[in-house]
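One structure below.
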Amino acid sequence: MAKPTPLSGFPEFLPAQRYVETTVLDTLATVFELHGFANIETRAVEPMDQLLRKGDTSKEVYVLRRLQEEDGGKDKGLGLHFDLTVPFARYVLENAGKLEFPFRRYQIQKVWRGERPQDGRYREFAQADIDIVGAGELPVHHDLEIARVMLDALGRIAHPDVLGLPGFRLQVNNRKLIQGFYAGLGIDDLDETMRLIDKLDKLPADAVRTQLVESGLSEEQADRCLELATICTPDTSFVDKVRGLGVEHPLLDEGLAELADVVAGCAALVTDRVRIEADLKIARGLDYYTGTVFETRLDGHESLGSICSGGRYDSLASDGRTTYPGVGISLGVSRLLVPLLNRGELVADRSVPSVVLVALTDEAGRADSDTLATQLRSSGVPCEVAPSPQKFGKQIRYAERRGIPYVLFSTEDGPQIKDIRSGEQVAVDPATWTPPPADLKPRITVSTSTTNQMETEK
RNA sequence: GUGGGUAUAGCUCAGCUGGUAGAGCGCCGCCUUGUGGUGGCGGAUGUCGCGGGUUCGAGUCCCGUUACUCACCCCA
């Protein structure tokens, strides 16, 4: 069989990389649960009509079909879910009678999109979603709560003592604010204006200005929209700046108040690794957001785009009698980790969990080595027995290749353990010996210097 | 879906205007006969993405195809 080539857009990890990923996932789940979010998992497929509910994404949905279909197209068809929000909305409606509202859940799963892959864009990728959904109404303080939970989680994975990932910048805006501002200017097509303003991080301001004018805005209106979009503050000082533009509209007032609450309420969570800012050019392309919107940039990797996005939607779901408003945010775990891992900026120092390799003197001694291993395991020390009784030099190299820090030998003087990094070898009792806590699990290290060079060279 | 680039050893890549396939790293062995790493010496490895064409001769030129990749669209 010829060597298979990788399938573009379907990233896979080597064991050491996967260890980093599971550590991140565990950390996220822990923080979400600390904030009282329950975990759920939804099935991978949804009926096509559910998936297409959100409009124009139909081309990117992977359709599920049996290889030997008698007559295709008879049923409504199934597709792989495109995000975790649509399945969640369906889940809420389906189980509304059994859930308590406001309902808070987190969900960490793969999603699939039939896009053209690129750096940071995949066809199969993992998202970590948190949402809060209410029945009938959902107070805006939950917008702040969502921001705080995700800031806490990001702060944890960026903290040097936990994982030490690069820092994050959570950018918040509010659609009521920008829509109210546009309405106050007398602009008709609020959605189109917002969509064009959203291009500001890719296109220069004068190009966006041209497109705004082409879309029907006066030059005066276009300039005012751009002025609003340049406002970006780490605190609530944006309020005065917006007021200074002199536009009046009730929706604008509402948006300003909501955004100020979120920014002010997050102040206590800000560290040098995790910041928040009111960035009034953030609009988001998706049309179902109705208030708060979030995007997140990874320091040193701005070209990846937003790695964590979401917002408030007044109608996540509706059964005709009750509408369920929600607010949520979704972390692109793959977008965050795949580039860092592939560039070698994030590495684990071990490809196996083993802390100890139990050396094997000869095949006749395998049972004895197994006994030593069992003793180590009884006190929680992951270990493995050497696969063959090679020369000890080879066995040490076997451990070194895998990053296993210790080798346990049976000697005439009893068991001795060698730290192959220092070369130090001491007699131990395998039933009670444990490694220093730092050696118990693979160590994850981050090097930002190489990537920063790459980024600046571009 | 639209437009560009690339495809040679396990990895990163060289290979000029066509002339029988290379380097570095890695891997294996020995120096070192049961305690690795450094050093020295030696060794193995290729359908040159695939198919066709031009030619005495194609990794190299032409056409097609597939995969990968970058940008647009959109988004985590």
Side-chain angles (χ1 to χ4, degrees), chain A residues 2-11 14 28 54-61 81-85 107-130 150 154 168 195 198-199 201-203 207 282-289 293-298 301 303-311 328-339 342 344 357 359-362 365 386 388-412 416-425 458:
Chain A
K3 182 182 175 181
T5 56
L7 198 47
S8 173
F10 293 85
L14 292 169
L28 292 173
K54 294 291 183 188
D56 192 41
T57 52
S58 50
K59 290 169 292 192
E60 298 184 348
V61 171
H81 59 223
F82 176 87
D83 61 18
L84 298 179
T85 307
Q107 198 169 345
I108 301 175
Q109 285 181 240
K110 292 278 173 64
V111 306
W112 295 269
R113 296 185 187 179
E115 296 188 278
R116 276 294 240 280
Q118 256 174 63
D119 193 26
R121 313 182 44 176
Y122 311 101
R123 297 195 285 194
E124 176 182 71
F125 60 95
Q127 286 191 319
D129 243 62
I130 52 173
M150 192 52 86
L154 294 175
F168 297 93
R195 201 181 63 80
D198 194 47
K199 294 183 166 192
D201 54 339
K202 290 235 171 183
L203 289 176
I282 300 297
R284 312 237 0 97
L286 296 169
D287 52 5
Y288 50 80
Y289 292 118
V293 286
F294 301 109
E295 290 198 359
T296 310
R297 302 266 115 93
L298 180 64
H301 299 272
S303 62
L304 290 177
S306 176
I307 56 108
C308 184
S309 313
I329 189 166
S330 182
L331 171 63
V333 178
S334 303
R335 170 170 287 184
L336 170 65
L337 294 180
V338 173
N342 283 345
L357 175 73
L360 186 61
T361 305
D362 48 41
S388 62
Q390 291 178 293
K391 291 187 212 170
F392 288 155
K394 295 274 183 59
Q395 296 191 37
I396 290 172
R397 195 169 65 182
Y398 174 97
E400 189 188 25
R401 294 281 161 79
R402 290 161 176 74
I404 302 172
Y406 296 93
V407 178
L408 182 70
F409 295 100
S410 296
T411 75
E412 292 176 355
Q416 295 188 352
I417 202 154
K418 179 189 186 80
D419 182 336
I420 65 175
R421 296 160 300 188
S422 64
E424 186 187 1
Q425 183 166 332
K458 278 184 185 173

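For clarity, every value in this text was computed on a predicted model and none was experimentally measured. Every chain is numbered from 1 and lettered A, B, ... according to where its sequence line falls, protein lines coming before strand lines.
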Testing A/Gln127, A/Glu124, A/His81 one by one against A/Lys110 for a side chain to side chain contact (heavy atoms under 4.5 Å, CB included), which residue passes?
A/Glu124

Counting any heavy atom closer than 4.0 Å, what does A/Leu336 reach on the DNA or RNA strands: base, sugar-phosphate only, or nothing?
nothing

Using the C1' atom as the reference point in each nucleotide, state the distance between B/U35 and B/G26 in Å, no decimals.
24 Å

Could you give the distance separating B/C72 and B/U54 at their P atoms, to the nearest angstrom?
42 Å

Considering only the P atoms, how many Å lie between B/U60 and B/G15, rounded to the nearest integer?
14 Å

With rounding to the closest Å, how many angstrom separate the C1' atoms on B/C48 and B/G22?
12 Å

For A/Arg401, report the nucleic acid contact type (base, sugar-phosphate, nothing); a contact means any heavy atom under 4.0 Å.
sugar-phosphate

Using atom CD of A/Gln118 as one end and atom P of B/C70 as the other, report the distance to the nearest whole Å.
6 Å

Reported OG-to-CD1 distance for the pair A/Ser330 and A/Ile307, which is rounded to 0.5 angstrom
10.0 Å

Provide the distance between the two C1' atoms, one in B/C61 and one in B/U69, to the nearest whole Å.
25 Å

Check every strand shown and say whether A/Lys418 touches a base, only sugar-phosphate, or nothing at a heavy-atom separation below 4.0 Å.
base

How close do A/Pro339 and A/Leu304 get, heavy atom to heavy atom, and via which atoms?
CG-CD2, 3.8 Å

Once hydrogens and angles are ignored, does a donor-acceptor distance under 3.5 Å link the base of B/A76 to the side chain of A/Glu115?
yes

Can you check the A/Ile396 CD1 to B/U38 P distance for me, whole Å?
14 Å

With a 4.0 Å cut-off on heavy atoms, is A/Gly305 in touch with a base, just the backbone sugar-phosphate, or nothing at all?
nothing

Using the C1' atom on both, measure B/U32 against B/G39 and round to a whole Å.
12 Å

Using the C1' atom as the reference point in each nucleotide, state the distance between B/C56 and B/G42 in Å, no decimals.
40 Å

Can you tell me the distance, in whole Å, between the OH atom of A/Tyr122 and the P atom of B/C75?
18 Å

So, does the side chain of A/Arg116 form a donor-acceptor pair with the base of B/A71 at under 3.5 Å?
no

Within the modelled atom types, does a donor on one side and an acceptor on the other bring the side chain of A/Gln395 and the base of B/U35 under 3.5 Å apart?
no

Would you say whether A/Phe125 stacks on B/A76? The test is a distance between ring centres of less than 5.5 Å and an angle between planes of less than 30°.
yes

Regarding A/Phe409, tell me which of base, sugar-phosphate or nothing describes its non-hydrogen contacts under 4.0 Å with the strands shown.
base

What are the two closest heavy atoms between A/Thr361 and A/Pro389, and how far apart are they?
O-CB, 3.6 Å

Could you tell me whether A/Ser334 contacts a base, only the sugar-phosphate backbone, or nothing, with contacts defined as non-hydrogen atoms closer than 4.0 Å?
nothing

Inter-nucleotide C1' distance (B/G5, B/G29), Å rounded
42 Å

Applying a 4.0 Å non-hydrogen cut-off, can you work out what A/Ile329 is touching in the nucleic acid: base, sugar-phosphate, or nothing?
nothing

Rounded to the nearest angstrom, tell me the gap between atom CD in A/Gln107 and atom P in B/A76.
15 Å

Taking all non-hydrogen atoms of both residues into account, name the closest pair between A/Leu84 and A/Gln107 and its distance.
CD1-O, 3.5 Å

Atom-to-atom span, CZ of A/Phe82 to P of B/C74 - whole angstrom
12 Å

Reading 5' to 3' and counting Watson-Crick or G-U wobble pairs with both distances under 3.5 Å, write the dot-bracket notation for RNA chain B, | for bases paired outside the strand.
(((((((..((((.....[..)))).(((((.......))))).....(((((..]....))))))))))))....

Scan A/Arg397 against the nucleic acid and name what it touches under 4.0 Å (heavy atoms): base, sugar-phosphate only, or nothing.
sugar-phosphate

A/Ile420 atom CD1 is separated from B/U38 atom P, nearest whole Å, by 13 Å

So which protein nitrogen or oxygen atoms get under 3.5 Å of nucleotides 6-11 of chain B's nitrogens or oxygens?
from	atom 1	to	atom 2	distance (Å)
B/G10	O3'	A/Lys3	NZ	3.4
B/C11	OP1	A/Lys3	NZ	3.1

Contact class for A/Ile307 vs. all strands (heavy atom < 4.0 Å): base, sugar-phosphate, or nothing?
sugar-phosphate

To the nearest angstrom, the CZ-P distance between A/Arg297 and B/C75 comes to 13 Å

Whole angstroms only, please: what is the CH2-C1' distance between A/Trp112 and B/A76?
14 Å

